[in-house]
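Side chains included, hydrogens not; waters and symmetry mates left out as well; all remaining heavy atoms used. So that the names make sense, note that chain A is the first sequence line, chain B the second, and so on, each numbered from 1.
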4 protein chains.
Amino acid sequence: MDTGEQILQAALGQFSRRGYHAVSIRDICGEVGIRESSLYYHFKNKRALLDALLGRFAEKAGRFTSLLDEGMAQLTELEDEVFLRVGTGYVQGYLLDPEILAFFGMLRIEREHDPALAALYREWYFDRPLQFQTRMFARLSQTGRFPAGQEQRLALLYLAPILFLYEREFPLDSAEARARLLEAVRRHLEDFLKEHHP
Amino acid sequence: MDTGEQILQAALGQFSRRGYHAVSIRDICGEVGIRESSLYYHFKNKRALLDALLGRFAEKAGRFTSLLDEGMAQLTELEDEVFLRVGTGYVQGYLLDPEILAFFGMLRIEREHDPALAALYREWYFDRPLQFQTRMFARLSQTGRFPAGQEQRLALLYLAPILFLYEREFPLDSAEARARLLEAVRRHLEDFLKEHHP
Amino acid sequence: MDTGEQILQAALGQFSRRGYHAVSIRDICGEVGIRESSLYYHFKNKRALLDALLGRFAEKAGRFTSLLDEGMAQLTELEDEVFLRVGTGYVQGYLLDPEILAFFGMLRIEREHDPALAALYREWYFDRPLQFQTRMFARLSQTGRFPAGQEQRLALLYLAPILFLYEREFPLDSAEARARLLEAVRRHLEDFLKEHHP
Amino acid sequence: MDTGEQILQAALGQFSRRGYHAVSIRDICGEVGIRESSLYYHFKNKRALLDALLGRFAEKAGRFTSLLDEGMAQLTELEDEVFLRVGTGYVQGYLLDPEILAFFGMLRIEREHDPALAALYREWYFDRPLQFQTRMFARLSQTGRFPAGQEQRLALLYLAPILFLYEREFPLDSAEARARLLEAVRRHLEDFLKEHHP
DNA sequence: CATGAATGAGTGTTCATTCAT
DNA sequence: AATGAATGAACACTCATTCAT
């Protein structure tokens, strides 16, 4: 891994744990094992580090959601088993993905300082997932598994508890917290299915 | 208003917007209109400012919740009208209260740096409201308005969307954002009632 | 004891232990139990505290030495017993007197900053004792106990080891150190007598 | 001379004149001609300056004393001429060496604040020289030049007056003071020899 | 590619002092 | 006599950044 990449990894790790402002160039360089002045060969300034990371985030999150979209397109019938797998997959493969977790951790802090980051956070944390779930339930209403005309409402009732349970366990740095979260999410999904049996 | 109080107000405002670490003593004193050295006449150090604010928060939040408890004790029958008023009251009188809003803003940022603050945030933002709503639905199941044995689930489905809508509108500094939030919350509450008509 | 006196006592204690510069007005007032601003009713500024203490010191040291002079005037014959008692009395009653110890402790530090204090230190720590001992040995040479014409030399050989042993035990805050010092001084005095038996 | 060395020299000079605590980073940087922040490139913090100086002191003092030991080992007979040269050499080459003078000046002030420095001062100012002189007189008693069995006493009578005269002339910044000191020391040494002619 | 060396701006904090009350 | 409130200057130290090598 070349130095630039090492720097980015270190920066992401530290930004996500302690926030952009609380992390110093010294901290990052200390982890990488280079001098502070050397960092400026790879990045124009501290802000450029953040920007590079934000670019990666958008790309990674985009990849994940288009993957979801493709998956949804192939669905024709939904068994409950699949429904559960999709829901926990969202948590395990996205919300708990170390890099995504780090990105949101960073954004959650930094959105206070920067409207652009606030917009980014809202888009990828609230709006896009909500839109996806809405489309999802629209699709599922065609199979008869969920009632039609209530897609937005269903998406909210589906998603909000997941994020509630997710945020409540912050910071998710212990395996116990993660297990607790997954268990609570699974229960929520099962209850959700029970409430909406056709 | 005496200087100590002015300092606390300024500190709360800035901490909530940018976080404890990102705010300097200079920033606070600049807003109050005193020199930095003068602040140290009123508070031992920067941390003492935070502690004083945390004390206030716990007190204020405690007052609000015990008020809610008293209110609940007096309920005998629940008309939908009252249910709506209680829900929007929680948002308007608590979540949107400028001081509470500021406190949670501050905690939301600082919990990343301080486990004690993380615990405080979880307690007052997630756990206590959830417990209260659980008790509420237990009480309402006695009146027959809501099914028995599902209090926890009901509380989650009731509360999570409210916080989802609330956080999505951050920072709530414009009247439009607040109106948008209240409208969305009201819609959620009405839907909630419809779904659970006895 | 009135407040002014309390302040002086506290100041002397702290100056002697930690030096004038290292002691803050806060420290002194904290010990006395008054506010910093109150101190300025009693003393013009911090330096005035030092000056007041220096005045006392000169007075006290002067009293002690004129006492010694009177004592010497009454001596007609010197038994070794008396010689020993005078020597240990100089250490116990003067060098180890808590106030004198404090004064010299303070002067030893502060003389670096202030030529006047350097002069004061030299006068009372080196020159006056040396002069006194010189007069003493001049007197004793009349009794035949010590040889004539060597008063200065005798005074130096008598005094220097005492101060050597004294300073070597700094800081003299434990009873053990004081006992160790007195024992070493007594041995020096006995040897001194033996070397100069007539 | 590189910047780090310049900083150390300036620090030693100022510490010795005014004591570690009374000297600010600003003072040192002002003398060197760099900004305060630059100092931190060379030294971790203010204490690190002191530690570096203490290390040098121990090394230099150690070098000097082992030199003395070697010199003593080669002595077979002692002529008075040599005795005088050794004594004045101790004053001129050690006590008056600018760096040693500065080190002791610093230690003399700071030992009040720091037990570790107090121990260092006692060791190199009192104990080691006393031990060396004791060994010296033990060696000389074999040549018959000094009586046996009184080495400790002789060392004290030899050394204490030197230190007495030395300290009395503080601060030794004028050539006159140094000359006065050397003259007084020479007189002491000559008297010492006279008193102990075999 | 990397570093040694430097810097200006800023950090929280302590200090002796003033002055109206 | 004493204090509440304030202040300018100083303190040790950190920061992101620059630039010649």
Asker: Reckon C:Tyr41 has a side-chain N or O less than 4.0 Å from the OP1 or OP2 of F:dA2?
Answerer: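 Looking at the OP1 and OP2 atoms of F:dA2, neither is under 4.0 Å from any side-chain N or O of C:Tyr41.
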
Asker: Per the atom types in the model, does the base of F:dG4 pair as donor or acceptor with the side chain of C:Ser37 at under 3.5 Å?
Answerer: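 Pair found.
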
Asker: Could you tell me the separation between the CG atom of B:Asp27 and the P atom of E:dG12, rounded to a whole number of Å?
Answerer: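 Distance check: B:Asp27 CG to E:dG12 P gives 8 Å.
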
Asker: Does any N or O in the side chain of A:Arg122 come within less than 3.5 Å of the main-chain N or O of B:Phe170, such that one atom is a donor and the other an acceptor?
Answerer: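 Indeed, once roles are kept as given, a pair shorter than 3.5 Å links the two residues.
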
Asker: From CZ of D:Arg35 over to P of F:dC19, roughly how many Å is that when rounded to an integer?
Answerer: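 About 17 Å, once rounded to whole Å.
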
Asker: Is the distance from OP1 or OP2 of E:dG4 to the nearest side-chain N or O of D:His42 less than 4.0 Å?
Answerer: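 Answer is no, no contact under 4.0 Å.
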
Asker: So which one's nearest nucleotide on DNA chain F is more toward 5', A:Lys44 or D:His21?
Answerer: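 Result of the comparison: D:His21.
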
Asker: According to a strict under-4.0 Å criterion, is A:Arg26 in side-chain N/O contact with OP1 or OP2 of F:dC15?
Answerer: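 A:Arg26 to F:dC15 OP1/OP2: side-chain N or O found under 4.0 Å.
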
Asker: Could you tell me how far apart B:Ile34 (CD1) and F:dG4 (P) are, to the nearest whole angstrom?
Answerer: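 From B:Ile34 CD1 to F:dG4 P: 17 Å.
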
Asker: Take D:Arg108 and C:Glu167 through the salt bridge (Lys or Arg N to Asp or Glu O under 4.0 Å) test and state the conclusion after the steps.
Answerer: CA-CA 10 Å; D:Arg108 196 170 294 117; C:Glu167 284 198 55; 5.5 Å; no

Asker: Looking at E:dC1, I'd like to know if its phosphate oxygens (OP1 or OP2) sit under 4.0 Å from a side-chain N or O belonging to A:Ser38.
Answerer: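 No, outside the criterion.
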
Asker: Roughly, in whole Å, what's the span from CG in B:Asn45 to P in E:dT14?
Answerer: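 To the nearest whole Å, that distance equals 7 Å.
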
Asker: On DNA chain E, nearest-nucleotide positions of C:Glu36 versus B:Ala22: which is more 5'?
Answerer: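 Taking each residue's closest nucleotide, the earlier one in sequence belongs to B:Ala22.
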
Asker: Can you tell whether the side chains of D:Asp173 and D:Arg17 come within less than 4.0 Å, N to carboxylate O?
Answerer: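 No, this pair does not count.
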
Asker: Atom CD1 of D:Ile25 and atom C1' of F:dA9: how far apart are they, to the nearest Å?
Answerer: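 Rounded to the whole Å, the gap is 17 Å.
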
Asker: Can you tell me the base-pairing partner of F:dA20? Count Watson-Crick or G-U wobble geometry only, both distances below 3.5 Å, and say none if there is no partner.
Answerer: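 By the stated definition (distances under 3.5 Å), E:dT3 pairs with F:dA20.
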
Asker: Testing B:Arg47, B:His113, B:Gln14 for side chain to side chain contact (heavy atoms under 4.5 Å, CB included) with B:Tyr20, which one passes?
Answerer: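 With B:Tyr20 as partner, side chain to side chain contact (heavy atoms under 4.5 Å, CB included) holds for just one option, B:Arg47.
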
Asker: For A:Val23, which contact category applies under a 4.0 Å heavy-atom criterion: base, sugar-phosphate, or nothing?
Answerer: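 A:Val23: backbone/sugar contact only, no base atoms under 4.0 Å.
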
Asker: Distance check needed: E:dA6 P versus D:Tyr40 OH, whole Å only.
Answerer: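 Result: 15 Å.
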
Asker: Taking atom C1' of F:dT3 as reference, at what distance in whole Å does atom CG of C:Leu39 sit?
Answerer: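 Going from C:Leu39 (CG) to F:dT3 (C1'), I get 13 Å.
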
Asker: Is any side-chain nitrogen or oxygen of D:Ser24 closer than 4.0 Å to OP1 or OP2 of F:dC11?
Answerer: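 Result: yes.
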
Asker: Quick one: C:Lys46 NZ to E:dC15 P, roughly how many Å, whole number?
Answerer: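 Distance, rounded to whole Å: 9 Å.
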
Asker: Check the orientation of A:Tyr121 and A:Phe104. Use parallel for under 30°, tilted for 30 to 60°, and perpendicular for over 60°.
Answerer: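 Taking A:Phe104 first and then A:Tyr121, their aromatic rings stand perpendicular (interplane angle over 60°).
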
